[in-house]
Amino acid sequence: MRENGPVTSATRQPETPAAALPPRLIATDLDGTLLRDDKSVSERTVAALAAAEEAGIEVFFVTGRPARWMDVVSDHVHGHGLAICGNGAAVVDLHGGPGAHRFVKVRELARENALDAVRMLREAAPGTVFAVEQTYGFYQEPAYPKLHMEIPDNLAPAEQLLAPDAPGAGEPVLKILAFHHELDPDAFLTMARRTVGDRATITRSSPSALLEISGPGVSKASTLELCCAERGISPEEVVAFGDMPNDVEMLTWAGTSYAMGNAHPAVIAAASGRTVANNEDGVAVVIEKILAERL
């Protein structure tokens with residue numbers, strides 16, 4: 001969900017956290033983390049992911065992307081086939097391939113909460129424009145900029161898009177997106193969290209002033225915790241990777257976590273270690289080290 005850009009300089013070698021339990025699950029963000037800036041998965045990273053699965057370590061992709069944007073990694077989900085999408089709003093089985101995914105778990109944003117967030121942000125930050133992300137549809141206001149790689153299913157004010165009789169009203173809302181042309185991204189995030197309070201979870205993964213608003217308590221971390229609990233996996237057995245504010249909770253929850261060399265300062269502060277940048281295959285570097293230590 002982010003346009004990649006350098007935020008901090010890359011380190012040359014991964015800074016390794018203190019020893020923890022042998023990892024049973026690797027949780028990695030995609031954009032700016034596993035993917036290179038051209039949205040590709042390098043051959044080195046493909047090999048590292050396969051080697052981790054072969055060694056019995058599950059790999060979960062944990063992303064702000066919607067399920068329909070997961071074709072970039074759908075060939076690399078291996079046995080379980082699951083990914084956490086929409087910043088934790090959905091767990092998706094990608095085995096069917098692009099356009100044939102199945103929602104295993106949905107943690108929706110109630111429309112009344114979404115409408116409250118829209119109203120409060122319009123008042124607090126005039127000029128904010130919105131889009132609505134649902135399980136199978138994407139809707140936006142006419143003034144919302146073309147930030148995504150698709151044509152919206154409908155153009156209308158957010159209040160109409162979230163109405164009981166709106167197109168797609170029978171579909172769960174996964175998150176709403178709020179964009180402002182002028183505000184500083186971090187200042188917008190801080191203000192929005194203070195304004196909306198516990199009505200929703202608000203984060204960001206773009207370098208622009210684009211906020212992602214999910215249901216209360218819904219985050220990459222909380223959904224990953226649910227998936228791990230189902231497998232009997234403790235936080236101490238999880239290694240996580242990320243680069244932007246929407247990764248902070250996940251990196252804090254995991255027993256071992258790495259900020260990418262290109263990470264936002266808040267991510268560096270949250271993680272227990274650092275690796276090199278996404279364009280230098282920072283995730284693969286750490287996975288290779290983990291596997292070498294198991295020999």
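Keep in mind the model is a prediction, meaning the values are calculated, not measured.
- Linking ILVMFWY side-chain heavy atoms closer than 4.5 Å, directly or via other members, places L94 and L226 in two distinct hydrophobic clusters.
- Heavy-atom minimum distance, N87 versus K175: ND2-NZ, 3.9 Å.
- Judged purely by distance below 3.5 Å, without hydrogens or angles, the side chains of S205 and E212 pair a donor atom with an acceptor atom.
- With hydrogens and angles left out, the side-chain atoms of D247 and H264 include no donor and acceptor closer than 3.5 Å.
- The environment of CD in E123 is crowded: more than 12 heavy-atom neighbours from other residues, nucleotides or ligands sit within 6.0 Å.
- Counting only distance, with no hydrogens or angles, the side chain of E237 and the backbone of S234 share a donor-acceptor pair below 3.5 Å.
- The backbone N or O of K220 sits nowhere less than 3.5 Å from a side-chain atom of T223 that would complete a donor-acceptor pair.
- For R294 (side chain) and I290 (main-chain N/O), no donor-acceptor pair under 3.5 Å exists by modelled atom type.
- Qualifying side-chain hydrogen bond (donor to acceptor under 3.5 Å, both in side chains) partners for S42, counting only residues two or more places apart in sequence or in other chains: T45, D281.
- Using a 3.5 Å distance cut-off with no hydrogens or angles, the side chains of T252 and E249 do not pair a donor with an acceptor.
- For the pair D243 (side chain) and N262 (backbone), a donor-acceptor distance under 3.5 Å is absent.
- Hydrophobic clustering, defined by side-chain heavy atoms of Ile, Leu, Val, Met, Phe, Trp and Tyr closer than 4.5 Å, groups Y139 together with L109, L115, V118, L121, F130, V132, L161, L162, V173, I176, L183, F188, L189, M191, V196, I202, L211, I213.
- Side chain of S257 to main chain of S272: a donor-acceptor pair is present (N/O by atom type, distance under 3.5 Å, no hydrogens or angles).
- Side-chain polar atoms of R193 and T201 form no donor-acceptor pair below 3.5 angstrom.
- When the side-chain hydrogen bond (donor to acceptor under 3.5 Å, both in side chains) test is applied to N279, the partners found at least two apart in sequence or on another chain are D37.
- With a 4.5 Å cut-off between side-chain heavy atoms of Ile, Leu, Val, Met, Phe, Trp and Tyr, the cluster of V248 takes in L251, V267.
- Not one N or O on the side chain of R102 forms a donor-acceptor pair closer than 3.5 Å with the backbone of V92.
- Applying the side-chain contact (heavy atoms from CB on, under 4.5 Å) criterion to P172, with sequence neighbours excluded, gives V106, E108, T135.
- Residues passing the side-chain hydrogen bond (donor to acceptor under 3.5 Å, both in side chains) test with S40 are D38, sequence neighbours excluded.
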